[in-house]
Novice: 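I'd like to ask you about the structure that follows.
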Amino acid sequence: GRRLSDALSAALAEQTPECTGGCGEAAAMTVMRRWLRAASNAEPQILAQLLRVGDASALQEVLSRLEGYPLFRDLCSAYARVAASSDDGMAGDFPPLRIVGVADRSLSDPRETEDRGLGTCGELWVLLLLLLPEHLRAAVAPDVAGPAVARGVAAAVRGPWALPLEALREALGHAMPSPRARRCAQRSSG
């Protein structure tokens, strides 16, 4: 976890945005481009194992609810454009969206038995970004930092899936602590 956190932090440190939005590119595009580039450069095999969903109908329900959260919807739209663009050299590295903004949702047939994960469902890359620990979200862009993001996800999802998503967010925070939190923990244990 620490290695992954360090690798993501290093990948994000290499490319600090001058601004998000208002610079000829929508803020969501800047956010997704930075996130996907960092994910490509930092331990992609480990990242791909972080989110797996066995219940396709539950995933479809959660993503449909998240589609009502404007930040998630905007990031999914930007994800679709960035993942399909050959400008960044990432075309083909990330799966397409399966539910959000997809007219033909037959790709998301709830009767399918395959596990959904970061290798098959583009929306999960957006969700992972929103569930990352604060220090990593802030390194991606200020637009996805702060407690309002977690509250927005929980409010959009509500119901029986909100608690497991919050637990996943907490687990990711413990698995990928910020360098400052690690230093504090080392001082208190030493």
Side-chain angles (χ1 to χ4, degrees), residues 4-5 7-44 46-48 50-51 59-60 62-105 107-108 116-157 165 168-169 172 176:
L4 178 58
S5 180
L8 283 170
S9 293
L12 290 164
E14 294 173 4
Q15 44 183 325
T16 306
E18 303 263 334
C19 65
T20 56
C23 296
E25 178 174 79
M29 288 292 290
T30 303
V31 169
M32 286 315 302
R33 186 170 283 115
R34 282 182 52 73
W35 165 232
L36 296 179
R37 194 174 299 132
S40 288
N41 293 331
E43 309 285 348
I46 295 171
L47 273 171
L50 288 179
L51 270 179
L59 175 62
Q60 185 166 354
V62 167
L63 294 177
S64 294
R65 288 178 180 210
L66 279 168
E67 195 171 9
Y69 179 36
L71 178 61
F72 183 79
R73 189 176 51 247
D74 293 348
L75 290 173
C76 281
S77 177
Y79 172 93
R81 291 192 306 269
V82 171
S85 171
S86 58
D87 296 345
D88 294 316
M90 291 187 287
D93 290 351
F94 295 94
L97 296 176
R98 303 285 301 254
I99 294 168
V100 176
V102 175
D104 177 12
R105 294 186 179 205
L107 290 174
S108 58
R116 296 286 194 280
L118 292 168
T120 61
C121 185
E123 289 91 346
L124 290 179
W125 283 101
V126 177
L127 182 57
L128 178 59
L129 168 62
L130 297 178
L131 296 176
L132 283 175
E134 175 66 21
H135 72 282
L136 292 173
R137 284 187 290 121
V140 172
D143 305 77
V144 292
V149 172
R151 284 193 303 268
V153 168
V157 172
L165 281 179
L168 175 59
R169 191 182 70 73
L172 289 171
M176 296 189 285

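Keep in mind the model is a prediction, meaning the values are calculated, not measured. Position 1 is the first residue of the sequence, and the numbers go up from there. Reckoned from all heavy atoms, side chains included, excluding hydrogens, waters and symmetry mates.
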Novice: Do you know the tightest heavy-atom contact between Tyr69 and Ala148?
Specialist: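 Taking Tyr69 first and Ala148 second, the nearest heavy atoms are OH-O, 3.8 Å.
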Novice: When you look at Leu59 and Leu124, which way does the side-chain contact (heavy atoms from CB on, under 4.5 Å) test go after all the steps?
Specialist: CA-CA 10 Å; Leu59 175 62; Leu124 290 179; 3.9 Å; yes
Novice: Considering all heavy atoms of both residues, which atom of Leu129 and which atom of Trp35 are nearest to each other, and what is their separation?
Specialist: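 Residues Leu129 and Trp35, closest heavy atoms: CB-NE1, 3.6 Å.
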Novice: Write down the atom of Met176, the atom of Leu136, and the distance for their closest heavy-atom approach.
Specialist: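 Minimum heavy-atom separation between Met176 and Leu136: SD-CD1, 4.2 Å.
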Novice: Please identify each residue that fulfils side chain to side chain contact (heavy atoms under 4.5 Å, CB included) with Ala80, with sequence neighbours left out.
Specialist: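 Once residues adjacent in sequence are excluded, the partners of Ala80 under the side chain to side chain contact (heavy atoms under 4.5 Å, CB included) criterion are Leu97.
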Novice: Under the side-chain hydrogen bond (donor to acceptor under 3.5 Å, both in side chains) rule, what pairs show up with a residue in residues 122-134, not counting sequence neighbours?
Specialist: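 Residue pairs with at least one partner in residues 122-134: Glu134-Arg137.
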Novice: Of all the heavy-atom pairs spanning Ala83 and Phe94, show the shortest one and how long it is.
Specialist: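 Looks like CB-CB, 4.1 Å.
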Novice: Going by the side-chain contact (heavy atoms from CB on, under 4.5 Å) test, name the single residue among Leu36, Val144, Leu75 that passes it with Val126.
Specialist: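 Of all the options given, the one that passes is Leu75.
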Novice: Taking all non-hydrogen atoms of both residues into account, name the closest pair between Phe72 and Leu127 and its distance.
Specialist: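 Of all heavy-atom pairs spanning Phe72 and Leu127, the closest is CE1-N, 3.9 Å.
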Novice: Mind checking the CG-CG spacing from Leu132 to Leu8? Nearest 0.5 Å is all I need.
Specialist: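 It comes to 7.0 Å.
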Novice: Quick one, Leu12 and Val140 - any side-chain contact, counting heavy atoms below 4.5 Å?
Specialist: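 They are in contact (side-chain heavy atoms under 4.5 Å apart), so the answer is yes.
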Novice: Nearest 0.5 Å, please: how far is CG in Leu66 from CG in Leu165?
Specialist: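 Result: 7.0 Å between the selected atoms.
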Novice: May I ask you to test the Leu71-Asp143 pair for a side-chain heavy-atom distance under 4.5 Å?
Specialist: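 No. Closest side-chain heavy atoms not under 4.5 Å.
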Novice: Taking the side chain as C-beta and beyond, is there a heavy-atom pair between Leu63 and Cys121 under 4.5 Å?
Specialist: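 The answer is yes, as the side chains (C-beta and beyond) meet within the 4.5 Å cut-off.
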Novice: Answer yes or no: is there a donor N or O on one side and an acceptor on the other, between the side chain of Arg98 and the main chain of Thr120, under 3.5 Å?
Specialist: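 Checked: pair present.
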Novice: Any heavy-atom pair between the side chains of Leu128 and Leu172 that's under 4.5 Å?
Specialist: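 A side-chain contact exists here, since the closest heavy-atom pair is under 4.5 Å.
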Novice: Mind checking what makes side chain to side chain contact (heavy atoms under 4.5 Å, CB included) contact with Ala78, not counting sequence neighbours?
Specialist: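 Expected list: Ala28, Met29, Met32, Arg81.
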Novice: Under 3.5 Å, side chain of Arg169 to main-chain N/O of Leu131, donor-acceptor pair present?
Specialist: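 Not a single qualifying donor-acceptor pair exists.
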